[in-house]
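Worksheet: the structure to be examined is printed underneath.
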Protein chains: 2
Amino acid sequence: MDTRWLTPVERAAWVRLVAVVELLPGALDAQLREDSGLTHFEYFALAMLSEAPDRTLRMTALAQLSNATLPRLSHVAKRLEARGLLVREPCAEDRRATNARLTDEGWAKVVEAAPGHVANVRRHVVDALTGDQVRQLHEIGDALLSALDPDGRMTGLYEPGT
Amino acid sequence: MDTRWLTPVERAAWVRLVAVVELLPGALDAQLREDSGLTHFEYFALAMLSEAPDRTLRMTALAQLSNATLPRLSHVAKRLEARGLLVREPCAEDRRATNARLTDEGWAKVVEAAPGHVANVRRHVVDALTGDQVRQLHEIGDALLSALDPDGRMTGLYEPGT
DNA sequence: ACTCTTTAGTTGAAGCAACAACCAATTAGG
DNA sequence: CCTAATTGGTTGTTGCTTCAACTAAAGAGT
């Protein structure tokens with residue numbers, strides 16, 4: 001089959017997207033690590049818990065929301081539990097399952113970390129764009145996720161298309 | 001200082017960008033790993049070399065283009081050299097420096113891997129967007145990189161703004 | 001010439017993440 | 001019921017990234 005190579009316009013857009021995808025995680029990690037002693041993954045997991053009902057999620061659900069494998073989440077949860085930021089307890093309804101629940105300490109940590117994180121997001125992303133571009137990014141994100149995450153697992157807590 | 005929280009519109013765009021940034025590397029890695037036995041980082045490094053004059057770049061230059069630390073690149077280069085895809089040789093002009101040069105085998109590897117990679121990029125990104133959105137993504141990428149990569153190190157081989 | 005600093009790169013140890021193997025609890029089939 | 005298959009999680013290796021220390025060459029100052 002003949003390859004449909006990228007046109008110059010497509011290639012230009014692609015090169016920039018790759019650069020952003022490569023650089024953004026580092027920028028996020030660096031600020032959170034520096035200011036709050038959390039990796040972006042840890043912050044994200046805690047933030048998901050903080051917005052969940054009863055600040056509690058099943059390990060499997062949290063793994064999907066944070067795009068992690070279950071083994072990875074298990075290791076991370078063990079570290080966070082050792083730091084007192086969450087607790088794991090067996091689920092009453094299904095005794096195979098484990099519920100991860102944010103402690104008061106963990107909640108306090110999220111509250112402490114959030115302002116700096118939001119400021120960082122503004123600096124690197126939101127405030128670098130015009131209002132129109134923010135809306136375009138919203139649409140583009142939906143289009144890309146329809147191919148990358150057709151089941152909407154990562155964006156589960158946020159209704160799509162809004 | 002009072003935190004300027006994200007508006008709903010901003011938050012929606014941000015959530016989608018985070019999801020894309022989280023998912024895209026995995027999608028890229030999986031296809032290249034499966035079809036060509038290369039990580040995305042390895043492919044990217046080889047591709048940069050393949051477009052450089054004489055298929056040769058200084059280690060430092062290649063590290064900047066691929067957003068890698070020098071130690072990381074050194075380890076990866078050692079592995080790629082062991083596989084016969086590139087060679088490292090001391091630089092004549094500056095004997096501290098090392099030049100990485102793509103071998104014929106490495107060139108063949110890039111030629112073999114490129115079509116599948118491009119098809120994957122089309123499937124996950126380019127073909128999921130309208131022509132207008134591709135152009136918008138180009139602009140948005142420039143705006144984000146002006147904050148993330150002000151010196152344009154990663155996009156060094158491609159002139160900005162085109 | 002001789003030191004001191006900076007630059008370029010490599011190496012070795014330590015920390016995460018992925019994969020695989022495993023155990024426990026639930027569900028389905030005969 | 002009693003077995004088999006599936007689901008939910010945890011626990012050990014393997015490989016790559018990162019961090020810190022080290023070698024070596026180039027340049028700067030005296």
Side-chain angles (χ1 to χ4, degrees), chain A residues 21-30 32-34 37-45 49 56-83 86-101 151 153, chain B residues 21-34 37-46 49 56-83 85-101 153:
Chain A
V21 161
E22 186 68 29
L23 292 167
L24 193 52
L28 264 36
D29 257 25
L32 282 167
R33 181 81 68 108
E34 173 74 19
L38 293 171
T39 65
H40 180 251
F41 180 81
E42 289 168 342
Y43 172 81
F44 193 84
L49 285 174
T56 300
L57 284 172
R58 294 264 281 260
M59 291 292 281
T60 300
L62 184 53
Q64 288 192 352
L65 284 173
S66 48
N67 189 39
T69 60
L70 214 35
R72 177 184 179 190
L73 179 61
S74 181
H75 287 300
V76 173
K78 185 195 295 185
R79 293 196 286 270
L80 292 176
E81 190 170 32
R83 293 168 65 179
L86 59 79
V87 289
R88 285 180 294 176
E89 41 205 11
C91 177
E93 301 123 21
D94 185 340
R95 288 218 296 265
R96 295 172 299 183
T98 304
N99 284 326
R101 186 169 51 80
D151 302 337
R153 286 208 283 248
Chain B
V21 161
E22 186 68 29
L23 292 167
L24 194 51
L28 265 35
D29 257 25
Q31 180 272 326
L32 283 167
R33 180 81 67 111
E34 173 73 20
L38 292 172
T39 64
H40 180 250
F41 180 81
E42 290 168 340
Y43 173 81
F44 193 85
L46 296 179
L49 285 174
T56 301
L57 283 173
R58 294 264 285 259
M59 291 292 280
T60 301
L62 184 52
Q64 288 192 352
L65 284 172
S66 47
N67 189 39
T69 60
L70 217 32
R72 177 183 180 190
L73 179 61
S74 182
H75 285 300
V76 172
K78 185 192 297 184
R79 294 195 287 271
L80 292 176
E81 190 170 32
R83 293 169 65 180
L85 301 179
L86 60 78
V87 289
R88 285 180 293 177
E89 40 204 13
C91 177
E93 300 123 19
D94 186 339
R95 288 217 296 267
R96 294 172 300 182
T98 303
N99 284 326
R101 186 168 51 80
R153 286 207 283 245

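To find a chain, count down the sequence lines: A is the first, B the second, and so on, and within it residues start at 1. All figures in this text were calculated on a predicted structure; none of them were measured in a lab.
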Query - Heavy-atom check, side chain of Glu42(A) versus side chain of Val76(A), under 4.5 Å - result: yes

Report task. Would you kindly compare Arg58(A) and Arg33(A) by the position of their nearest DNA chain D nucleotide and give the one closer to the 5′ end? Result -> Arg58(A)

Query raised in the report: Where each residue is assigned the nucleotide of DNA chain D containing its nearest heavy atom, which of Thr60(A) and Phe41(B) is assigned the position nearer the 5′ end?
Result: Thr60(A)

Report summary line: Quick note, Ser74(B) side chain, CB onward, closest among dT11(D), dT10(C), dT17(D) is dT10(C)

Report summary line: Atom CG of Leu70(A) and atom C1' of dA25(C) are separated, to the nearest Å, by 15 Å

Query raised in the report: Under a 4.5 Å cut-off applied to non-hydrogen side-chain atoms, are Glu22(B) and Phe44(A) in contact?
Result: no

Query raised in the report: So, is Arg72(A) near the phosphate of dT10(D), with a side-chain N or O under 4.0 Å from OP1 or OP2?
Result: no

Query raised in the report: Would you say the side chain of His75(B) and the base of dG12(C) hold a donor-acceptor pair, judged only by whether the two atoms sit under 3.5 Å apart?
Result: yes

Report task. On DNA chain C, check which nucleotide each of Glu93(A) and Thr39(A) is closest to and give me the residue with the more 5' one. Result -> Thr39(A)

Query - Rounded interatomic separation in angstrom, taking CD from Glu22(A) and P from dT17(D) - result: 11 Å

Report task. Say whether, by atom type as modelled, one donor and one acceptor occur between the side chain of Glu81(B) and the main chain of Arg88(B) under 3.5 angstrom. Result -> yes

Query raised in the report: Looking at Lys78(B), does any N or O in its side chain come under 4.0 Å of the phosphate oxygens OP1/OP2 on dT11(C)?
Result: yes

**Report entry** His40(A) NE2 to dC16(C) C1', straight-line distance once rounded to whole Å
**Finding:** 17 Å

**Report entry** Below 4.0 Å: OP1/OP2 of dT10(D) and any side-chain N or O of Arg88(A)
**Finding:** yes

Query raised in the report: Could you state the CD-C1' distance from Gln64(B) to dT7(C), rounded to the nearest angstrom?
Result: 13 Å

Query raised in the report: Taking the side chain as C-beta and beyond, is there a heavy-atom pair between Asn99(A) and Arg58(A) under 4.5 Å?
Result: yes

Requested in this report: Let me know the distance between CG of Leu86(A) and P of dG9(D), rounded to the nearest Å.
Outcome: 14 Å

Query - Residue pair Leu62(B) / Ala45(B): nearest heavy atoms and the distance that separates them - result: CD1-O, 4.0 Å

Query - DNA chain C contacts made by residues 94-101 of chain B, counting heavy atoms under 4.0 Å - result: Arg96(B), Ala97(B), Thr98(B)

Query raised in the report: Can you check the Leu62(A) CG to dG8(D) P distance for me, whole Å?
Result: 14 Å

Query raised in the report: Could you state the CD-C1' distance from Glu89(A) to dG8(D), rounded to the nearest angstrom?
Result: 16 Å

Query - Non-hydrogen side-chain atoms of Leu38(B) and Arg83(B) separated by less than 4.5 Å - result: yes

Report task. Measure from CG on Leu73(B) to C1' on dT17(D) and round the result to the nearest Å. Result -> 13 Å

**Report entry** Arg101(B) side chain reached by Leu49(B) side chain, heavy atoms, under 4.5 Å
**Finding:** no

